[in-house]
Amino acid sequence: MDLDNPRRLAKQAIQATVPPDLWERNRSFVQELQETIHNHRLVGHSAGRALADGQFTKEDLARIHLEYRHAGVKIFTDALLIAQLLTKQVESRLGPGSKMPSRFLLTLNALDEFGFRPGVDQDGYYRGNPALAHYPLFEDLLDQLGVGREERETYTPTPVADALHHNLESAYQDLAVLTLFLTIAEKQVVLFSPPLRAAVMAVGIDVKGGYYEFHGTSDEEEWTAYDDDHEDDLWYILMQALTPEQYEPVRARAEHYLGLWAQFWDEQMKLWKAPMAS
């Protein structure tokens with residue numbers, strides 16, 4: 001049995017579970033969503049340029065990362081694992097076992113999130129270390145930015161960061177919506193990780209081996225990031241999860257969630273260089 005290129009094999013298996021006419025309708029709808037994202041003001045937001053130019057102080061970046069933590073970082077793997085469970089929703093339509101190819105793809109994302117690395121160790125087993133899990137690396141970055149544990153736990157997020165957090169949690173019962181939100185979150189990471197990395201480096205923090213080592217796109221040769229691959233995986237899972245009656249509600253949720261992320265970066269620009277409350 002072919003074990004090479006597991007991502008391609010899983011995508012082929014997902015498509016094979018869906019009737020061809022529905023697959024084509026879902027693919028067409030997903031292409032519309034991708035165009036909506038491509039044309040959204042989140043893409044090319046001025047915050048990305050300001051970050052890339054190193055215009056933020058260490059204090060500014062501490063607050064941005066506290067906001068970012070609440071908006072999605074802290075609960076991202078919760079949402080990812082819940083999406084794996086929710087794939088059971090496709091079996092009543094698509095047959096026994098149809099959930100497994102999507103779970104397989106979500107596992108590739110989870111392996112990266114949890115600190116596994118491609119390849120096998122000296123015993124022919126998986127390679128990885130939980131110290132390289134992404135969320136602990138984010139907390140390590142907050143340490144480097146001078147944010148203490150008490151400050152993290154008592155921080156009051158802006159309303160838009162809170163809205164992003166609760167929107168993601170609100171999707172925990174619906175595979176299509178949750179997958180959509182995870183996809184948009186990955187796109188947001190693709191867009192903003194390179195400028196955030198540049199901004200953190202500009203204040204003297206070494207990002208090698210840290211959170212921003214592993215966030216960005218797979219074509220950045222200096223970094224070990226696969227967020228663009230994960231985004232593409234999630235589109236395939238969405239194409240399996242969708243039914244035509246969901247198109248308009250899903251479109252509306254996409255536009256709302258995209259708008260919240262754009263407002264999030266609007267807010268970071270408004271708070272730029274304003275004193276952080278003690």
Side-chain angles (χ1 to χ4, degrees), residues 1-31 33-34 76-135 174-183 185-187 189-190 213-221 223-244 246:
M1 181 172 289
D2 187 3
L3 299 178
D4 295 330
N5 202 329
R7 179 164 273 115
R8 173 180 56 80
L9 295 172
K11 289 175 180 177
Q12 291 173 348
I14 287 172
Q15 183 172 350
T17 68
V18 182
D21 58 336
L22 177 59
W23 182 262
E24 289 307 314
R25 292 182 69 182
N26 286 352
R27 187 205 299 270
S28 178
F29 175 70
V30 160
Q31 287 172 342
L33 291 178
Q34 291 171 329
F76 184 82
T77 55
D78 298 351
L80 193 63
L81 293 174
I82 290 168
Q84 285 192 305
L85 176 62
L86 291 182
T87 57
K88 66 182 181 179
Q89 293 177 356
V90 305
E91 287 198 304
S92 61
R93 293 189 297 108
L94 304 177
S98 55
K99 65 189 176 188
M100 295 312 296
S102 285
R103 287 188 174 181
F104 187 98
L105 273 188
L106 288 164
T107 296
L108 293 180
N109 194 332
L111 288 173
D112 286 340
E113 286 288 336
F114 296 160
F116 286 90
R117 294 291 173 265
V120 294
D121 67 8
Q122 61 187 7
D123 298 318
Y125 202 62
Y126 304 107
R127 296 178 67 245
N129 189 317
L132 293 176
H134 293 178
Y135 179 47
D174 187 318
L175 175 62
V177 175
L178 183 55
T179 303
L180 170 70
F181 285 179
L182 288 169
T183 307
E186 292 283 8
K187 170 60 74 176
V189 168
V190 166
E213 165 81 20
F214 305 109
H215 288 81
T217 60
S218 57
D219 60 0
E220 296 180 284
E221 293 184 3
W223 312 104
T224 310
Y226 304 100
D227 294 298
D228 50 339
D229 291 334
H230 297 320
E231 179 196 346
D232 191 57
D233 294 348
L234 287 159
W235 285 122
Y236 266 78
I237 295 164
L238 183 59
M239 285 189 284
Q240 184 189 47
L242 281 168
T243 57
Q246 294 173 290

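Hydrogens, waters and symmetry mates play no part in the numbers below; they use all other heavy atoms, side chains included.
Under a 3.5 Å cut-off, the side chain of Glu91 and the backbone N or O of Gly97 do form a donor-acceptor pair.
The salt bridge (charged side-chain N to carboxylate O under 4.0 Å, His left out) test applied to Lys11 returns Asp232, Asp233, not counting sequence neighbours.
Atom CE of Met100 sits about 9.0 Å away from atom CD of Gln84, to the nearest 0.5 Å. In this structure, OG1 in Thr107 is found 9.0 Å from CG in Leu81, a value given to the nearest 0.5 Å. Going from atom CD of Glu186 over to atom CG of Leu234 covers 6.0 Å, rounded to the nearest 0.5 Å. From Phe116, atom CZ reaches atom CG of Asn129 across 10.0 Å, with rounding to the nearest 0.5 Å. A distance of 9.5 Å separates OG1 in Thr77 from CD1 in Ile82, rounded to the nearest 0.5 Å. Rounding to the nearest 0.5 angstrom, the gap separating the CG atom in Asp112 from the CZ atom in Phe114 is 10.5 Å.
Between Gln246 and Ala241 the shortest heavy-atom distance is OE1-O, 3.4 Å. Across all their heavy atoms, Pro101 and Ser98 have their closest contact at CD-O, 3.3 Å. Closest approach of Ile14 to Tyr236, counting heavy atoms only: CG2-O, 3.7 Å. Taking both residues in full, the closest heavy atoms of Thr87 and Ser102 are given as CG2-CB, 3.9 Å, listed atom of the first, atom of the second, then distance. Closest approach of Leu108 and His230 over heavy atoms only: O-CE1, 3.7 Å. Scanning all heavy atoms of the two residues, the minimum distance from Leu178 to Ala79 falls at CD2-O, 3.5 Å.
Looking only at side-chain heavy atoms (C-beta outward), Leu33 and Trp235 come within less than 4.5 Å of each other. Put simply, the side chain of Asn109 reaches to within 4.5 Å of the side chain of Phe76, judged on heavy atoms. Annotation: side chain of Asp2 is in contact with side chain of Arg8 (closest heavy-atom distance under 4.5 Å).
The cationic atom of Arg117 (NZ for Lys, CZ for Arg) lies less than 6.0 Å from the six-membered ring centre of Phe214 and within 45° of the ring axis.
Of the candidates Leu180, Leu106, Leu182, Val90, Ile237 forms a side chain to side chain contact (heavy atoms under 4.5 Å, CB included) with just one, namely Leu106. With Leu94 as the partner, the side chain to side chain contact (heavy atoms under 4.5 Å, CB included) test is satisfied by one option alone out of Lys99, Gln240, Gln89: Gln240.
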Donor-acceptor pairs under 3.5 Å, side chain of residues 22-29 to any protein atom, not counting sequence neighbours: which ones?
residue	atom	partner	partner atom	Å
Asn26	OD1	Tyr247	OH	2.6
Asn26	ND2	Met239	O	2.8
Asn26	ND2	Leu242	O	3.1

